[in-house]
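Taking it in order: structure first as structure tokens, then the write-up.
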Amino acid sequence: MRLVSTAGHAPESSFREAVVAGLAPDGGLYMPVGLPRLVPDLAQSRPGLAFDQLAATLARGLLADEFSGDVIERLTREALDFPVPTRPLTDRLSLLELFHGPTLAFKDFGARFLARFFGHLLAERGESATILVATSGDTGSAVAQGFWRVPGIRVVVLYPAGKVSRFQEAQMATMGGNITAVRVPGVFDDCQRLVKTAFRSPALAGLRLSSANSINIGRLLPQCFYYVASYLAVSAGPSAPITFVVPSGNLGNLTAGLLASQMGVPVATFVAASNANDVLPEFLDTGTYRSRPSVPTLSNAMDVGDPSNFARLLALCRDAAGMRLALRGERVSDADTRAAIRDAWRAHGVVLDPHTAVGYRAATRLLERGADGPVVVLATAHPAKFADTIREELGFEPEMPEAERGWENRALLAVDLPDTDADTLTELLLSLT
């Protein structure tokens, strides 16, 4: 696989090089130079594969020029060893359930895949690295779990103090070992800015910094696989197009969907379902990209005012006009998110987390306007991660999966950053070595 930078001023890179580097040397994000159309042949020859087998087959088709088939098979199936069902709600509307991994959110796919391949590459080289990641919610816990106890890797997770759920914080800030969680006195965009600044800092060059945010192509690539799985589950025929409704924040999930369409998944359109942080819907309306400070909402993992993966979307679609052909934007308020949680429970007996509820409301609007073909909403997190909101709307708490029961009793091990100055983070990172 060959990759280029969205900034356009870096040489082509292999997947191996891009995974370890995270960002391209010109500050851009790595993007594949085209992808093979693997899906049509797969749909005809092997439609009934279990998800881990499907993912390994796709990974071999993408990475066989850089890893042996045995290595790809082993690492991929180890990483993605949990179910990915597409659950029908009506004859037109389905949920793609992405929350059956160990941290109950879709971020498990990318984090676990990246951890396996990153660890393999470092072991080959006899090297170590520091993973530096910003999170608005679920990324931090997925990365912490995925990289926990991986030899040669230290993980530092930055998250905004008081702006993630108590459960999300417990998942990423109670592990210890090679995982350091850092509370930042600001919003997600402050965390993301600190990460980007650290990557450019000469003082930190010796740490071999890399990223596990969706800016890392190793996080993004495996997210394509569940779009393929859902297409195979709901498609009415080999070329029948599907509409995917994607709860959208930093836009990595949406970007992965567009990459899946390059691989041959027939898509009618993608709907970017956003909360009040509607940077992408606004761009689709006006053609002007306007970053701004994020505002807090019920769907906190989507509270992003300057999404990193916008550059990838623009590269894939070429310009604003191309983006409008591929995407639609839909804004959903907190009030409508709450109403969607109630409506989904009454109509289908299904409990939605606030992020999936944003997608569900966008999908029901789309169907009311007469959309053709099947509509699949990406269910991005388990509702138990947002028990307070569910209790407020439905009068009960969703059942917590057994592995996470008793999370309230875990001791928080987070480090508090006193300010959002880049030099403060530099001092902290150097002190951890």
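Atoms considered below: every heavy atom in the structure, side chains included; atoms not considered: hydrogens, waters and symmetry mates. Starting from 1, each residue takes its place in the sequence as its number.
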Could you state the interatomic distance from [atom1] ([X]) to [atom2] ([Y]), rounded to the nearest 0.5 Å?
X      : Y      : atom1 : atom2 : value
Ser94  : Arg87  : OG    : CZ    : 10.5 Å
Phe99  : Leu104 : CZ    : CG    : 9.0 Å
Tyr159 : Leu417 : OH    : CG    : 11.5 Å
Asp419 : Thr424 : CG    : OG1   : 3.5 Å
Ser294 : Asn277 : OG    : CG    : 5.5 Å
Leu114 : Ile131 : CG    : CD1   : 6.0 Å

Salt-bridge present (Asp336, Arg365; N to O < 4.0 Å): yes
Check this for me, if you would: do Glu282 and Arg292 make a salt bridge, where the nitrogen-to-carboxylate-oxygen distance has to be below 4.0 angstrom? yes
Under the 3.5 angstrom rule, does the side chain of [X] hit a backbone N or O of [Y] as a donor-acceptor pair?
X      : Y      : value
Thr57  : Ala55  : no
Ser299 : Pro354 : no
His355 : Ala301 : yes
Glu408 : Ala170 : no
Asn178 : Arg154 : no
Glu330 : Val271 : no
Arg324 : Leu284 : yes
Asn250 : Gly252 : no
Asp65  : Met1   : yes

So which atom in [X] and which in [Y] form the shortest heavy-atom distance, rounded to 0.1 Å?
X      : Y      : answer
Ser13  : Tyr30  : CB-CE2, 3.5 Å
Leu122 : Gly152 : CD1-O, 4.1 Å
Ile72  : Ala56  : CG2-O, 4.2 Å
Pro102 : Gln171 : O-NE2, 4.3 Å
Thr426 : Ala203 : CG2-CB, 4.2 Å

Got [X] and [Y] here, is their nearest side-chain heavy-atom distance under 4.5 Å?
X      : Y      : answer
Ile215 : Leu23  : yes
Thr420 : Val184 : yes
Arg331 : Pro281 : yes
Leu366 : Arg328 : yes
Pro36  : Leu62  : yes
Lys196 : Ser308 : yes
Ile242 : Phe244 : yes
Arg208 : Ser128 : no

Working note: Phe117 + Phe67, criterion ring pair (Phe, Tyr, Trp, His ring centres under 6.0 Å); need CA distance, chi angles, decisive distance, verdict. CA-CA 10 Å; Phe117 278 86; Phe67 300 90; 5.2 Å; yes
Do [X] and [Y] have side-chain atoms, one donor and one acceptor, less than 3.5 Å apart?
X      : Y      : answer
Asn275 : Thr297 : yes
Thr337 : Asp334 : no
Arg312 : Asn309 : yes
Asn253 : Gln223 : yes
Thr243 : Thr269 : no
Thr103 : Asp108 : yes

For Glu124, enumerate each residue passing the salt bridge (Lys or Arg N to Asp or Glu O under 4.0 Å) test, keeping only those at least two apart in sequence or located in another chain. Arg16
Plane angle bin for Phe109 and Tyr226 - parallel if under 30°, tilted between 30 and 60°, otherwise perpendicular: perpendicular
Could you label the plane-to-plane angle of the Phe113 and Phe225 rings as parallel, tilted or perpendicular, counting under 30° as parallel and over 60° as perpendicular? perpendicular
Among all residues two or more places apart in sequence or in another chain, which pass the ring pair (Phe, Tyr, Trp, His ring centres under 6.0 Å) test with Trp407? Phe167
Are Phe310 and Tyr289 near enough that their ring centres are under 6.0 Å apart? yes
Greater than 12 external heavy atoms within 6.0 Å of Arg166's CZ: no
Test salt bridge (charged side-chain N to carboxylate O under 4.0 Å, His left out) applied to Arg410 and Glu404, step by step: CA-CA 11 Å; Arg410 301 174 193 167; Glu404 293 295 339; 2.9 Å; yes
